[in-house]
Q: 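What follows is a structure written as structure tokens; I'll ask about it next.
Note that the numbering runs from 1 along the sequence shown for the chain.
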Amino acid sequence: MFDDWISKPTASRIFEKPLLADSRLIKVSVETASELAEAGLAEMDDVMRPLGDELTDHVDVLLRLTNLPEFAATFRAYVEGP
């Protein structure tokens with residue numbers, strides 16, 4: 001689950017602790033997007049119909065780390081752990 005969020009290290013920071021990306025775009029069903037918004041994990045403004053895909057039952061959702069404080073805390077605990 002963390003793999004998609006972890007920023008890839010650059011040559012200048014290969015020995016630094018891993019970082020999480022600020023956001024991530026995912027494709028989900030309309031129902032899942034609605035559930036994410038109801039739970040406060042995504043904003044309705046961040047739910048978009050994919051470009052050029054008029055007749056789909058899936059949407060793109062921009063997940064922002066600021067809306068996922070428990071996830072961010074779990075990652076920090078993982079990085080700081082033994």
Side-chain angles (χ1 to χ4, degrees):
M1 177 172 171
F2 287 134
D3 290 348
D4 295 337
W5 281 91
I6 297 175
S7 296
K8 304 297 182 230
T10 60
S12 63
R13 58 176 218 77
I14 60 172
F15 296 110
E16 294 179 16
K17 293 180 181 178
L19 301 173
L20 287 177
D22 292 332
S23 62
R24 182 166 172 258
L25 189 67
I26 61 171
K27 181 176 277 205
V28 297
S29 68
V30 173
E31 295 80 20
T32 300
S34 178
E35 291 170 1
L36 288 168
E38 286 178 25
L41 302 175
E43 303 292 329
M44 284 307 296
D45 289 343
D46 292 333
V47 177
M48 305 154 269
R49 186 157 308 283
L51 290 176
D53 207 351
E54 304 286 327
L55 304 172
T56 183
D57 58 344
H58 286 80
V59 293
D60 290 335
V61 177
L62 183 65
L63 294 178
R64 298 177 189 271
L65 195 57
T66 55
N67 292 337
L68 306 166
E70 291 176 6
F71 174 70
T74 300
F75 182 78
R76 277 192 304 274
Y78 164 76
V79 169
E80 299 296 331

Q: Applying the 4.5 Å side-chain criterion to the ILVMFWY set and letting contacts propagate, would Leu19 and Leu63 be lumped into a single cluster?
A: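 Shared cluster, no.
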
Q: Side-chain atoms of residues 36-47: list all donor-acceptor pairs with protein atoms under 3.5 Å, sequence neighbours left out, distances to 0.1 Å.
A:
| from | atom 1 | to | atom 2 | distance (Å) |
| --- | --- | --- | --- | --- |
| Glu38 | OE2 | Ser34 | OG | 3.3 |
| Asp46 | OD1 | Arg64 | NH2 | 3.1 |
| Asp46 | OD2 | Arg64 | NE | 2.8 |

Q: In chain order, what residues pass the side chain to side chain donor-acceptor pair (under 3.5 Å) check against Glu16, with sequence neighbours excluded?
A: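 Glu16: no side chain to side chain donor-acceptor pair (under 3.5 Å) contacts found.
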
Q: Who are the side chain to side chain donor-acceptor pair (under 3.5 Å) partners of Thr32, not counting sequence neighbours?
A: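 With sequence neighbours excluded, Thr32 shows a side chain to side chain donor-acceptor pair (under 3.5 Å) to Ser29, given in chain and number order.
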
Q: My understanding is that only residues two or more places apart in sequence, or in another chain, count here; which of them pass side chain to side chain donor-acceptor pair (under 3.5 Å) with Ser12?
A: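 Ser12 satisfies side chain to side chain donor-acceptor pair (under 3.5 Å) with Thr10 only.
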
Q: Applying side-chain contact (heavy atoms from CB on, under 4.5 Å), can you list everything that pairs with Ala72, at least two apart in sequence or on another chain?
A: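 Counting only residues at least two positions away or on another chain, Ala72 forms a side-chain contact (heavy atoms from CB on, under 4.5 Å) with Leu65, Arg76.
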
Q: Determine, using the 4.5 Å side-chain heavy-atom cutoff (strictly less than), whether Val79 and Trp5 are members of one ILVMFWY cluster.
A: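 Yes: a chain of side-chain contacts under 4.5 Å links Val79 to Trp5.
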
Q: OH of Tyr78 to NZ of Lys17: how many Å apart, nearest 0.5 Å?
A: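 Result: 12.5 Å between the selected atoms.
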
Q: Evaluate side chain to side chain contact (heavy atoms under 4.5 Å, CB included) for Asp4 paired with Arg24, printing each intermediate quantity in order.
A: CA-CA 8 Å; Asp4 295 337; Arg24 182 166 172 258; 2.9 Å; yes

Q: Of all heavy-atom pairs between His58 and Pro50, which one has the smallest distance, and what is that distance?
A: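 Smallest interatomic distance, heavy atoms only, reads O-CD, 3.5 Å.
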
Q: Which atoms form the tightest heavy-atom contact between Ile6 and Pro18, and what is the distance?
A: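 Closest heavy-atom pair between Ile6 and Pro18: CG2-CB, 4.1 Å.
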
Q: With clusters built from Ile, Leu, Val, Met, Phe, Trp and Tyr whose side-chain heavy atoms come within less than 4.5 Å, directly or transitively, what are the remaining members of the cluster of Leu25, listed by chain and number?
A: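 ILVMFWY cluster around Leu25 also holds Met48, Leu62.
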
Q: Can you tell me how far apart CG (Leu20) and CG (Asp22) are? Round to the nearest 0.5 Å.
A: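 Between atom CG of Leu20 and atom CG of Asp22 there are 9.0 Å.
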
Q: Just to verify, what does Val30 make a side-chain contact (heavy atoms from CB on, under 4.5 Å) with, not counting sequence neighbours?
A: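 Counting only residues at least two positions away or on another chain, Val30 forms a side-chain contact (heavy atoms from CB on, under 4.5 Å) with Val59.
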
Q: Report yes if some heavy atom in the side chain of Arg49 is under 4.5 Å from a heavy atom in the side chain of Thr56; otherwise report no.
A: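 Yes; the side chains approach each other to less than 4.5 Å.
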
